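See structure below.
For reference, positions follow the sequence shown, starting with 1. As the structure is a computational prediction, the values presented were derived from the model and not from experiment.
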Amino acid sequence: MNGQLSDFLQVLKGNHLDGFIVTNPVNIFYLTGFRGISPQERESILIFPPPRLASGEAGPKATLITAKLYQAEAFKLRSKDLKIAIANERNKIFEIAQKLLKNAEKVGFEEHDLKYSEFREFKKTLGKTKLVPCKNLIEDLRVVKTADEHKKIERAQIISQKAFFEIIKTLKIGQTETEIAEKLLKIIKSLGGQGLAFESIIASGPNSAKPHHVTGKGKVKKGEVLLFDFGAKYKDYCADLSRTVLVGNVNDKIKNIYSLVEKAQREAIKKITHGIKSHKPHEHALNVFRKENLGDYFLHGLGHGIGLEVHEAPHLKPKHKYKETKDEILQEGMVFSVEPGLYFPSWGGVRIEDLVTIKGGKAKVLGRLSEGLIEV
């Protein structure tokens, strides 16, 4: 049986649900391998109907419902564990879903994805069936990666690292951020990347003081920093890499900041182990900055999980002040970024980001760790 489908069936059993509605297209892909064209439209829905039909016979374990225009792709995924149902039109997808769930007593749904209008329609059609909002049931399965997922993420990260070394060979004074981003995409595709995991952030000079700067018309200048934050995608899995380049003769103050950020990253990675609370690595990095009275210039969490999406669990961020918000526990097989940074509005910022997993109880870097000052 498909491992992901089997695991999710156990989750449903543990939550005393006899049905479930999966609408998030990333989660549908994770469980079945099906991906449509537009995540913004309802191109498919995955239904886990009751395990027993009204007749007492065993029911289907899972049914992927999609529109006729995707039937060729969908039927390739059909198996003894996954049925395929084809709707003549997209707006008929929910009619099939409702029929599959008519005998269910307690059906879960993804509370962050199902639209209210869709919920009302299910409520009206299913009558006495109890609809239960659920949070992160599938995302919690996705957080620990399989060996195959590790390979794909690492491949995406290695492509990103190679692309970075290629792009810095082409840098010229006066180039715009947009020109660099466009060339970077071409390099990624030439190296076997599927495309971008997210829109690349290319931030020149003072623009690099904004962690999520929107790449634009800023130009490469001597004596300034140039920050890269980008990632390739490989077989649907994402990478995430940040590097800060020193252009020309950069003053010692900036070089010292670079060295401090690098130190914070390395010390945080050394502290990462299986079973550690997710706020601990963040605190280790922050303490490096606090010793130099620079803690207030670290504007974000230390890292985030990555996989089919560029931001997933776990989240390496400060300990939450509210008791009801529990710490995540870092576990063997998780993959996440470690990306300390310091940001100064007057001249810019420095961020260094790499991906790590936990293997054998300790942090293992995917690809190669950044190596010292990068000057062009």
Side-chain angles (χ1 to χ4, degrees), residues 2-4 6-8 10-11 14 30 136-162 164-165 192 197 231-243 261-288 300-319 326-341 351-372:
N2 175 306
Q4 287 91 331
S6 177
D7 290 343
F8 190 59
Q10 291 303 310
V11 170
Y30 176 75
N136 296 335
L137 292 192
I138 302 169
E139 287 82 354
D140 288 346
L141 284 179
R142 286 168 46 192
V143 71
V144 174
K145 271 54 180 181
T146 65
D148 183 58
E149 288 179 303
H150 278 107
K151 288 178 182 177
K152 290 173 181 175
I153 297 169
E154 183 159 32
R155 181 61 184 158
Q157 187 73 347
I158 289 171
I159 289 171
S160 304
Q161 291 169 348
K162 288 181 177 179
F164 172 71
F165 284 114
K233 184 176 276 193
Y234 179 76
K235 292 188 176 179
D236 293 293
Y237 281 82
C238 301
D240 199 353
L241 182 77
S242 291
R243 295 287 185 262
V261 172
E262 185 179 54
K263 178 182 178 182
Q265 188 201 43
R266 279 155 172 69
E267 293 201 7
I269 290 173
K270 286 178 184 177
K271 296 291 184 180
I272 292 170
T273 59
H274 171 79
I276 193 174
K277 291 181 178 180
S278 60
H279 79 273
K280 290 289 187 181
H282 176 90
E283 288 295 325
H284 287 304
L286 182 58
N287 286 337
V288 172
H300 50 75
L302 181 66
H304 56 85
I306 193 161
L308 287 170
E309 295 178 284
V310 77
H311 288 103
E312 300 184 352
H315 304 90
L316 282 62
K317 59 184 181 180
K319 188 174 183 180
K326 294 182 180 179
D327 257 322
E328 294 170 284
I329 303 298
L330 301 184
Q331 302 174 46
E332 188 91 4
M334 288 181 171
V335 179
F336 46 88
S337 65
V338 180
E339 50 178 306
R351 180 164 68 252
I352 304 172
E353 176 184 21
D354 290 281
L355 298 183
V356 303
T357 186
I358 299 179
K359 186 173 182 179
K362 297 180 180 180
K364 175 184 178 293
V365 176
L366 300 185
R368 294 177 62 184
L369 199 62
S370 174
E371 299 176 357

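Counting only heavy atoms from C-beta outward, the side chains of Leu330 and His274 never approach each other to under 4.5 Å. You'll find the side chain of Gln157 reaches within 4.5 Å of the side chain of Leu241, heavy atoms only. A heavy-atom distance below 4.5 Å is found between the side chains of Gln161 and Asp354. A 4.5 Å side-chain heavy-atom check between Leu355 and Phe336 finds every atom pair outside the cut-off. Looking at Ser337 and His304, their side chains come closer than 4.5 Å, going by heavy atoms from C-beta outward. Using a 4.5 Å heavy-atom cutoff, the side chains of Val338 and Arg266 are not in contact. The shortest side-chain heavy-atom distance between Thr357 and Lys145 does not fall under the 4.5 Å cut-off. Counting heavy atoms from C-beta outward, Val144 and Met334 have side chains that approach closer than 4.5 Å.
Atoms CG and CG, on Asp7 and Leu141 in that order, are 6.0 Å from each other to the nearest 0.5 Å. Atom NE2 of His284 is separated from atom CG of Leu302 by 10.5 Å, given to the nearest 0.5 angstrom. Going from atom OG of Ser370 over to atom CD of Glu262 covers 6.0 Å, rounded to the nearest 0.5 Å. For the atom pair Ser278 OG and Glu283 CD, the distance stands at 10.5 Å (nearest 0.5 Å). Within the model, atoms CG of Leu366 and CD of Glu154 stand 5.0 Å from one another, a figure rounded to the nearest 0.5 Å. Rounding to the nearest 0.5 Å places CD1 of Ile159 at 13.0 Å from NZ of Lys233.
Considering Lys151, Lys152, Glu149 in turn, Glu149 is the only one that fulfils the side-chain hydrogen bond (donor to acceptor under 3.5 Å, both in side chains) rule with Tyr237.
Judged by distance alone, with hydrogens and angles left aside, the side-chain atoms of Glu312 form no donor-acceptor pair with the main-chain N or O of Val143 at under 3.5 Å. Of the possible polar contacts, none joining the Ser242 side chain to the Glu353 backbone as a donor-acceptor pair under 3.5 Å is found. With Glu339 contributing its side chain and Gly303 its backbone, the two residues share no donor-acceptor pair below 3.5 Å. Looking at Glu332, its side chain does come within 3.5 Å of a backbone N or O of Gly360 through a donor-acceptor pair.
Contact record, Thr273 with Ile276: O-CG2, 3.1 Å, taken as the closest heavy-atom pair. Nearest heavy atoms, Cys238 versus Leu308: SG-O, 3.7 Å. When all heavy atoms are compared, the tightest approach of Pro318 to His279 is C-CB, 4.0 Å. Heavy-atom minimum distance, Arg368 versus Val365: C-CG1, 4.1 Å. Between Pro314 and Val335 the shortest heavy-atom distance is CD-O, 4.4 Å. Here the closest non-hydrogen pair linking Pro281 and Ala268 is O-CB, 3.8 Å.
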Checklist entry - Under the side-chain contact (heavy atoms from CB on, under 4.5 Å) criterion, do His150 and Lys359 qualify, and how do the steps go? => result CA-CA 11 Å; His150 278 107; Lys359 186 173 182 179; over 6 Å; no

Evaluate side-chain contact (heavy atoms from CB on, under 4.5 Å) for Lys271 paired with Lys280, printing each intermediate quantity in order. CA-CA 8 Å; Lys271 296 291 184 180; Lys280 290 289 187 181; over 6 Å; no

Margin query: For Ile158 and Arg155: C-alpha separation, side-chain torsions, deciding distance, then whether side-chain contact (heavy atoms from CB on, under 4.5 Å) applies.
Written below: CA-CA 5 Å; Ile158 289 171; Arg155 181 61 184 158; 4.2 Å; yes

| message | Between Gln4 and Tyr30, is the side-chain hydrogen bond (donor to acceptor under 3.5 Å, both in side chains) condition met? List the steps. | response | CA-CA 7 Å; Gln4 287 91 331; Tyr30 176 75; 4.7 Å; no

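The number of heavy atoms from other shown groups lying within 6.0 Å of NZ (Lys277) does not exceed 12.
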